[in-house]
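Right, one structure below, let's go through it.
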Amino acid sequence: GVALDNFGEDDDYFELYNDEDVAVDLGGRFLTDSLSDPTKWEIPAGVTIPAKGHLLFWADEDLSQGPLHADFKLSKSGDEIWLCERADYGFAEIDALAFGPQTDDISEGRSPDGLACIRILPSVSPGAPNPRGIADLTGEGVLDLADIALFVGAFTGQTPPADLDGNGIYDLSDIALFVTAFNTPCE
C-alpha cells in the first residue's frame, strides 16, 4: 500500500468522507465487513470526522494500534464494508460498499467524493479528495483545461505518456478513454 499507518505498516485501509458542513461524531457507530454481523466493530468514542473531511480506517484486526484500527481485514478476492448506525437507531445502514477482486496498490473510490460512482482511481489520495477519474490528470478533483493540456502534452511527447488503458502503449485507445472519461462524469 501507499499509505502507512501510525506504526509504519502498509495494511489495507479504507476512507470515509463527510460531505456535511459540520463534523460528525462516529463514536458508537459500527463498521463491519458483513451485514450479517452489523456490530462487528464499534467505532470508539471520540472518533470524529471533520466537516467536508476524510478519515482513514485500517482493516488490520490490530486494535492495540489505536482507535482507527478496525477488528476485521479485507479480502483480496472481494469484500464489503458497511457503516452502521448506533443501537438506538437499530444498526441501520448508513453507507455500504461492495468490491470485487483487488490488485495490489490499485485504489478504488467514489469519484468525486460523496457520489455513488465507484471508480479505479488514477492515484491514491488518502486524507484528500479523490481524483475525478482517469481524465483528472492533475489530480485536483475537477476536470478542466489543465487536464486537457497535460493530456495533449503527453500525446505530443512533451510530458510522460498517460497510458490510460494500461497496455504499455500510448495510442488512440488512450485518447478514446480520456475523451470518454472527460465527457462522462459520474453523477
Going through the distances and angles, do Lys52 and Asp21 end up as a side-chain contact (heavy atoms from CB on, under 4.5 Å)? CA-CA 6 Å; Lys52 302 291 184 191; Asp21 291 324; 3.0 Å; yes

With side-chain contact (heavy atoms from CB on, under 4.5 Å) as the criterion, how do Asp113 and Asp19 come out once you've worked through the C-alpha distance, each side chain's angles and the decisive distance to 0.1 Å? CA-CA 8 Å; Asp113 289 332; Asp19 194 36; over 6 Å; no

What verdict does the side-chain contact (heavy atoms from CB on, under 4.5 Å) test give for Gln65 and Trp58, after you've listed the backbone C-alpha separation in whole Å, the side-chain angles of each residue and the deciding distance to 0.1 Å? CA-CA 10 Å; Gln65 291 188 339; Trp58 304 96; over 6 Å; no

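Listed for the Glu15 side chain is a donor-acceptor partner under 3.5 Å among the backbone atoms of Gly127. Side-chain atoms of Ser75 do not come within 3.5 Å of backbone N or O of Asp79 as any donor-acceptor pair. Side chain of Glu61 to main chain of Ala59: no donor-acceptor pair is present (N/O by atom type, distance under 3.5 Å, no hydrogens or angles).
Applying the side-chain contact (heavy atoms from CB on, under 4.5 Å) test between Leu55 and each of Leu26, Asn18, Thr48 identifies Leu26 as the sole match. Shown are Thr32, Leu97, Ile94; of these, the side-chain contact (heavy atoms from CB on, under 4.5 Å) with Leu83 is made only by Ile94. Just one residue in the list Trp41, Tyr89, Phe91, Trp82 forms a ring-ring contact (aromatic ring centres under 6.0 Å, His included) with Phe30, and that residue is Phe91.
Under the 4.0 Å criterion applied to side-chain N and carboxylate O atoms, Lys73 and Asp60 are not assigned as salt-bridge partners. Under 4.0 Å is where a charged nitrogen must lie from a carboxylate oxygen, and between Asp95 and Arg110 at least one such pair does.
Interatomic distance, Glu93 CD to Glu85 CD, rounded to the nearest 0.5 Å: 11.5 Å.
By the rule that hydrophobic residues join a cluster once side-chain heavy atoms approach within less than 4.5 Å of another member, Ile49 and Tyr17 end up as members of separate clusters.
In this pair, Phe14 and Phe72 present their aromatic rings parallel. The plane angle is below 30°, not in the 30 to 60° band.
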